[in-house]
Amino acid sequence: MSHTPQSGRATPLHFRDIVSCHLSPWHFHCHSGPLSPTETAHEIHGHDHTLTHAKHVGEHVLNVLSQQVHDVMRHYKSEKESEAHRIFRESAGHKPKGVLPQTVNPDEETVPGIKHPGSTGVIYCSDRAMANGFSYASSHEWANLGQGAPEVGQIPDAPPRPTVVELPTDSLEYAPTTGVKALREAVANLYNVTYRQGKKSQYTFENVCIVPGGRAGLSRVAAVIGDVYCSYQIPDYTAYDQVLSAFKRLVPVPTALEHENEYRMDLKQIRKDIRIQGLEVIIASNPRNPTGQVIQNSELQDLITLSHETSTTVILDEFYSWYIYPEDEADFGKSVSSASFIEDVNEDSVVIVDGLTKNWRLPGWRVCWVIGPKNLVTALSQSGSFLDGGANHPLQLAAIPLLDPKRVEIERLALQKHFKHKRDHVLKRLENMGLKVDIPPQATFYIWLNLEHLPAPINNGLTFFEELLKEKTIVIPGIFFDINPAHRRNLFNSPCHHFVRLSFGPPLEDLDKGLDAIGRVLRKAKKDGMNAFGHSYKKSVDGTFTPKFV
């Protein structure tokens, strides 16, 4: 009764699964319940030992076992059998590639020559939430633990939030594609003061390019990279998948992890891939989205040294560089950046992408930057001229005083203490619900939550996500962080399939609202069993439900 996972059929069914549906540690049982030997003996020996009665008892046992087999098989879902997965595959741009025969999806093939790239996780999840009644006008009714954004209001001991933006006449003109010179100088100065004191080589404005958001920065960089093999990690930031898919000159190559459960870079494997496969570019987030891990100190220095020794370009997304949670009180206020270990800012091929979005908690401003050698910035100016045209001019001017090193020092310390408190609060509540996080985040504001020990079908990210939508709560299924540019992988084979990413970026009251919703789902599962899960998901705002899988 077994089939290979590649076939999209059921996974192997073992006898121990048939005779008992007891799933530790949650103690869920099949609806009919296993028939114990004592009950069977009592039923047989408590009546006349006639052949006819024995036949009835035998039929009863077979019926019970048959029902248990049916219940267990419901727990082993393939993509076709899972309603949550079918909804995902039917969404424009998410059909598996390389699967024949190809069929026409009217949602994505109505305009000749147009191909949908597929949504990033947050966009897909927001669309699904809207189909379930979410709107930004009534967002206070929901707990959004999916959006990759920090709370933007005032937090304890932080400088006042900006409330006014001046609009001098000159700011109504286009800004240069490399950005306002004064802001570029402010960025260079901040990095020199924070990470390069005492070093001979210093950043200048010529090493800085201002871009309208982190994705725009990544896109500009990708647009100027030649025909190369580009290394990436799994899991990592969802937009890397689209970047690696859109810029066809980049040939994506996954790099193994040194300790898979710790999500750390394996520098020995990367060095080997450089030598054997000819890797020329490495792209990664550090601190790491979504796992909340970070490489720093000697480990980060080794990565930068590897880049220098092998003439390999390293692109580091450092948007969470302030979100570090030390155990020692004396270490609060510190941040992490590869800029600390670069020898020559114009010779070392290290590219840093960062901005106001996360650290300054100003995601709506879309003011970010790329830092690297001067000749890279010249190229980024050219790619920006046809990709995005440049960042918002007035907000670039408004950002300049926010980069004053003394103000930044206060802001960074307040942020770390506030977000560490939220992290610890969320981890404690999850543990009280029986959801212990395998590897607590050392950085970022994300928790990479493994659902594998939960009973099916809520032990995979897509179904767990859909069930939480019914409770007005948004999380991000782990599959969106499985960088899979060819889009051929069966979702059930993804190493991220059993995970969701929870954000503790929102205010504490919103976090508690979402955690309460998770608690309701778990209590419902314990009380009512699993028959209520895995079906009846709204597909559109008109209230249409998908049929229950039978």
Side-chain angles (χ1 to χ4, degrees), residues 119-127 129-130 134-155 158-168 171-172 174-175 179-180 183-184 186-187 190 209-220 237-239 285 289 317-323 353-370 384 387-404 407-408 411-412 414-415 418-419 422 444-446 474 476 501 503-511:
S119 306
T120 60
V122 170
I123 300 301
Y124 175 82
C125 294
S126 297
D127 289 345
M130 290 176 184
F134 173 82
S135 72
Y136 288 98
S138 60
S139 59
H140 60 281
E141 299 174 4
W142 283 66
N144 189 352
L145 311 188
Q147 186 83 40
E151 58 180 292
V152 297
Q154 190 67 33
I155 63 174
R161 305 301 284 154
T163 57
V164 177
V165 176
E166 298 290 338
L167 295 173
S171 73
L172 305 181
Y174 287 124
V180 172
L183 178 57
R184 297 166 68 192
V187 171
L190 177 62
C209 182
I210 307 300
V211 292
R215 292 175 184 84
L218 289 169
S219 296
R220 285 202 196 188
Y237 176 44
T238 63
S285 60
N289 172 10
D317 167 350
E318 296 186 349
F319 272 86
Y320 300 93
S321 56
W322 295 4
Y323 292 85
V353 189
D354 199 353
L356 301 184
T357 304
K358 303 298 193 295
N359 292 334
W360 280 260
R361 299 184 297 114
L362 295 171
W365 281 36
R366 313 302 294 168
V367 174
C368 300
W369 48 80
V370 179
L387 279 174
D388 55 66
N392 182 290
H393 197 160
L395 289 175
Q396 288 189 62
L397 299 177
I400 295 170
L402 304 182
L403 272 70
D404 176 75
R407 178 190 173 100
V408 165
E411 186 102 56
R412 189 167 55 225
L415 179 143
H418 181 68
F419 276 77
K422 292 198 295 179
T444 74
F445 45 76
Y446 302 121
I474 305 171
I476 306 295
R501 188 193 74 177
S503 169
F504 56 92
L508 195 59
E509 56 269 26
D510 291 347
L511 299 179

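The shown structure was predicted, so the numbers you read here are calculated from the model rather than taken from an experiment.
Residue G148 comes nearest to Y446 through the heavy atom pair CA-OH, 3.1 Å, listed as atom of the first residue, atom of the second, then distance. In plain terms, the two heavy atoms of W142 and A129 that are nearest each other are CH2-O, 3.9 Å. Listed here is the closest heavy atom pair of P168 and S171: O-OG, 2.6 Å. For N392 against P394, the heavy-atom pair with the smallest separation is OD1-CD, 3.0 Å. Across all their heavy atoms, G214 and V353 have their closest contact at O-CG1, 4.2 Å. When all heavy atoms are compared, the tightest approach of V165 to A398 is CG1-CB, 4.2 Å.
Under the side-chain contact (heavy atoms from CB on, under 4.5 Å) criterion, D317 pairs with Y237, Y240, S285, F319, not counting sequence neighbours. By the side chain to side chain donor-acceptor pair (under 3.5 Å) test, S135 is found to be paired with S138, residues two or more places apart in sequence or in another chain being considered.
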Check your understanding: How far apart are the C-alpha atoms of H393 and V180, what are their side-chain angles, what is the distance that settles it, and do they pass the side chain to side chain contact (heavy atoms under 4.5 Å, CB included) test?
Key -> CA-CA 8 Å; H393 197 160; V180 172; 3.8 Å; yes

| query | Would N359 and V408 count as a side chain to side chain contact (heavy atoms under 4.5 Å, CB included) if you check the C-alpha gap in whole Å, the side-chain angles of each, and the deciding distance to 0.1 Å? | reply | CA-CA 9 Å; N359 292 334; V408 165; over 6 Å; no

Practice item. Check the pair Y124, I476 against side chain to side chain contact (heavy atoms under 4.5 Å, CB included), reporting the backbone distance first and the verdict last. Key: CA-CA 9 Å; Y124 175 82; I476 306 295; over 6 Å; no

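Side-chain atoms of W365 never come within 3.5 Å of backbone atoms of L356 as a donor-acceptor pair (strictly under, hydrogens ignored). A side-chain donor-acceptor contact under 3.5 Å links Q154 to the backbone of P159. Listed for the S139 side chain is a donor-acceptor partner under 3.5 Å among the backbone atoms of Y136. In terms of modelled atom types and a separation under 3.5 Å, the side chain of R407 and the main chain of P401 share no donor-acceptor contact. Side chain of Q396 to main chain of A391: a donor-acceptor pair is present (N/O by atom type, distance under 3.5 Å, no hydrogens or angles). Looking only at distances, a side-chain donor or acceptor of R501 sits under 3.5 Å from a matching main-chain atom of G146.
Summarising the geometry, atom CH2 belonging to W322 is positioned 7.5 Å from atom CG belonging to L415; distances are rounded to the nearest 0.5 Å. Within the model, atoms NE2 of H418 and CG of L508 stand 7.5 Å from one another, a figure rounded to the nearest 0.5 Å. To the nearest 0.5 angstrom, L183 atom CG is 4.0 Å from I210 atom CD1. We find the CZ-OH distance between R412 and Y323 to be 12.5 Å, quoted to the nearest 0.5 Å. Put simply, CG on L395 and CG on L167 are 8.5 Å apart, with the number rounded to the nearest 0.5 Å.
The shortest side-chain heavy-atom distance between R215 and C368 does not fall under the 4.5 Å cut-off. Side-chain contact between R361 and I155: present, with at least one pair of heavy atoms (C-beta onward) separated by less than 4.5 Å. The closest side-chain heavy-atom distance from K358 to T444 is not below 4.5 Å. Looking only at side-chain heavy atoms (C-beta outward), R161 and L362 come within less than 4.5 Å of each other. You'll find the side chain of V370 stays beyond 4.5 Å of the side chain of R220, heavy atoms only. Counting heavy atoms from C-beta outward, K422 and F445 have side chains that stay 4.5 Å or more apart. Put simply, the side chain of L145 reaches to within 4.5 Å of the side chain of L511, judged on heavy atoms. Looking at N144 and D510, their side chains never come closer than 4.5 Å, going by heavy atoms from C-beta outward.
Note on ring orientation: taking the six-membered ring where Trp is involved, the planes of F504 and F419 are tilted (angle from 30° to 60°).
Within a 6.0 Å radius of CD in E509, other residues, nucleotides and ligands contribute more than 12 heavy atoms.
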